[in-house]
Amino acid sequence: MKITSIKGFADIFPGEVETWQWVEAQARRVFSAYNFAEIRIPILEKTELFSRSIGETTDIVEKEMYTFEDRDARAGAGAEGTKLTLRPEGTAGVVRAYVEAELYKIEPVRKLYYLGPMFRRERPQKGRMRQFHQIGAEALGRGDPYIDAEILLLLHDFFQSLGLTEPALQINSLGCSECRPQYRANLLAFLKEREATLCGNCQRRIDRNPLRALDCKEPGCIDATKDAPSLLDGLCAVCAEHFATVQRLLGETKVNFTLNPRMVRGLDYYCRTTFEWTTKLLGSQSAVAAGGRYDGLVEQLSGPPIPGVGFAMGVERLTMLLRLQERSDAGGLDLYFAWIGAPARDWAFPLTHRLRQQGIGVEIEAESRSLKSQMRRADKLKARAVVILGDDELAKGLAVVRDMASKQQQEISLDNLETALTARKAN
RNA sequence: GUGAGUGUAGCUCAAUUGGUUAGAGCACUGGAUUGUGGUUCCAGGGGUUGAGGGUUCAAGUCCCUUCACUCACCCCA
């Protein structure tokens, strides 16, 4: 029986990896411009970190996490191992690291970004994998609306740097610990009155997370909640002022957005500004990037009361978008070394090594093939030049260098070949 | 977790009402005056028709089971 990969876990092969590298390079460039620095955190964390931060009643924690019990080396009878979980998202780990290292004592404001695999055990479909990859950023220590806007501008710049016109931005405000309980109570009362007309899902949501009923897609629920109290009307003065500033800053920097008062984020820790960048091009998994403010999270993870705001984006979804726009670069090899006869090969082999040491991309065969077949291979590899070395050339002490684009060939003495090829690459 | 759809060469797909040795294009390998790429021409390699069982003189085709993948619901990046 052939061993296969795990369902929902994908290999990414050459040809596609280049797109990933390009995305990551652009992210690093844009994020640095906004003074975000990379942090690398573990892929495995204690389960409690996620259940405490993401929320006990969220789908992620309830049924999507890869959790197992670690072996305890010193375990005696009855000793319990520690429960560990493959991270389903990045924010919790970043905040944990931030609190654990007490970074706030060294520097009150920290702007961090991360990239890497996340794991959620969902049914795979287009744009949804069990191992998927996120690039995310967190700004810790700032509660002002300017940093919210900065995060949105950063994403805007990033998408622009990739040449993408999709996805589009939607924003909302969820209020804070001052005003949300009141709003929640109002909404709850409203929903209770109409409980019978709601879908089964929403009836269950009423007690657990009533806000979610707002973005239910069931026609009946959309109709029933048409006149529900709006989140934006329920904001306290401070939240309203904060959100107004975010919108003003987006206007002044000419970043397009739509206001979506029904947008509710899935994770419990969000408050105030929340946002999603969505596209219609990817089927039902439309969110490419999403995030928001999470002012209570650091404290919830045993840190001081420090505000934060951040986002994550799905790299698979992003590269799917790029693929739709047919963005692909050619790549190619600097040099192909074609030889005829074993003496030529053995002369070429050490030279190939020296060229590679200088960063020149070179390919050479080990087994004898016709020159035609070697030329074909050079073409296939998109080699910019081919060195031809046979018995005749070896006898005359020279080699033929062919430029594949111009088809021009020149003879170069073997003594000068290495410097000539190095110089060629430099140009 | 629920539902639907699809499994034939590395890829995209053919194969009459069940009927000879399962084909084509692309890709791969080689060749077309002895040592020169892309275009063209010729040739070649490559399949347990996802797997297992059943019906039948005969199964890629019909039935059952199973596995895998895909899409949607749900959820989310």
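Treat the numbers as computed from the prediction; the structure is a model and nothing was measured. So you know, we letter chains A, B, ... as the sequences are listed, proteins then strands, and number each from 1.
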message: Can you confirm if the aromatic rings of A/F31 and A/Y113 lie within a centre distance of less than 6.0 Å?
response: yes

- prompt: Is A/K372 near enough to B/G35 that one of its side-chain N or O atoms lies under 4.0 angstrom from OP1 or OP2?
  reply: no

field: Residues from residues 112-126 of chain A lying under 4.0 Å of RNA chain B - heavy atoms
entry: A/R120, A/E122, A/R123, A/Q125, A/K126

task: Mind checking A/K7 for me? I need base, sugar-phosphate or nothing, with any heavy atom below 4.0 Å counting as a touch.
output: sugar-phosphate

- prompt: Counting any heavy atom closer than 4.0 Å, what does A/Q374 reach on the DNA or RNA strands: base, sugar-phosphate only, or nothing?
  reply: nothing

task: Could you tell me whether A/S373 contacts a base, only the sugar-phosphate backbone, or nothing, with contacts defined as non-hydrogen atoms closer than 4.0 Å?
output: sugar-phosphate

- prompt: What about A/R128: does its side chain form a donor-acceptor pair under 3.5 Å with the base of B/C71?
  reply: no

query: Quick one: the side chain of A/R384 and the base of B/G37, do they pair up donor-acceptor inside 3.5 Å?
result: no

message: Any donor-acceptor pair, under 3.5 Å, between the side chain of A/R402 and the base of B/G37, if you only look at N and O atoms?
response: yes

query: Do any pairs count as a salt bridge (Lys or Arg N to Asp or Glu O under 4.0 Å) and have a residue in residues 125-134 of chain A, sequence neighbours left out, and if so which ones?
result: A/E122-A/R128

message: Would you measure the distance from the C1' atom in B/C74 across to the matching atom in B/G3 and give it in whole Å?
response: 11 Å

message: Could you measure the distance from the CZ atom of A/R384 to the CG atom of A/L333? Nearest 0.5 Å is fine.
response: 7.0 Å

task: Could you verify whether a donor N or O on one side chain and an acceptor N or O on the other, from A/Y294 and A/Q300, lie under 3.5 Å apart?
output: no

- prompt: Checking all strands, does A/M129 fall into the base, sugar-phosphate, or nothing category for heavy-atom contacts under 4.0 angstrom?
  reply: base

- prompt: Given that A/Q285 and A/I6 both sit by RNA chain B, which one's nearest nucleotide is further toward the 5' end?
  reply: A/I6

query: Using a cut-off of less than 4.0 Å, is there contact between a side-chain N or O of A/S370 and OP1 or OP2 of B/G31?
result: yes

query: Does any N or O donor sit under 3.5 Å from an N or O acceptor when you compare the side chain of A/K407 with the base of B/G38?
result: yes

- request: Can you label the angle between the A/Y66 ring and the A/F9 ring as parallel, tilted or perpendicular, going by 30° and 60°?
  value: perpendicular

message: Within this structure, what is the OG1-CD1 distance for the pair A/T273 and A/I147, rounded to the nearest 0.5 Å?
response: 11.5 Å

query: Dot-bracket, RNA chain B: Watson-Crick or G-U, under 3.5 angstrom, [ ] crossing, | other strand?
result: (((((((..((((.....[...)))).(((((.......))))).....(((((..]....))))))))))))....

query: With nearest nucleotides of RNA chain B determined for A/R377 and A/A383 from heavy-atom distances, which residue corresponds to the more 5′ nucleotide?
result: A/R377

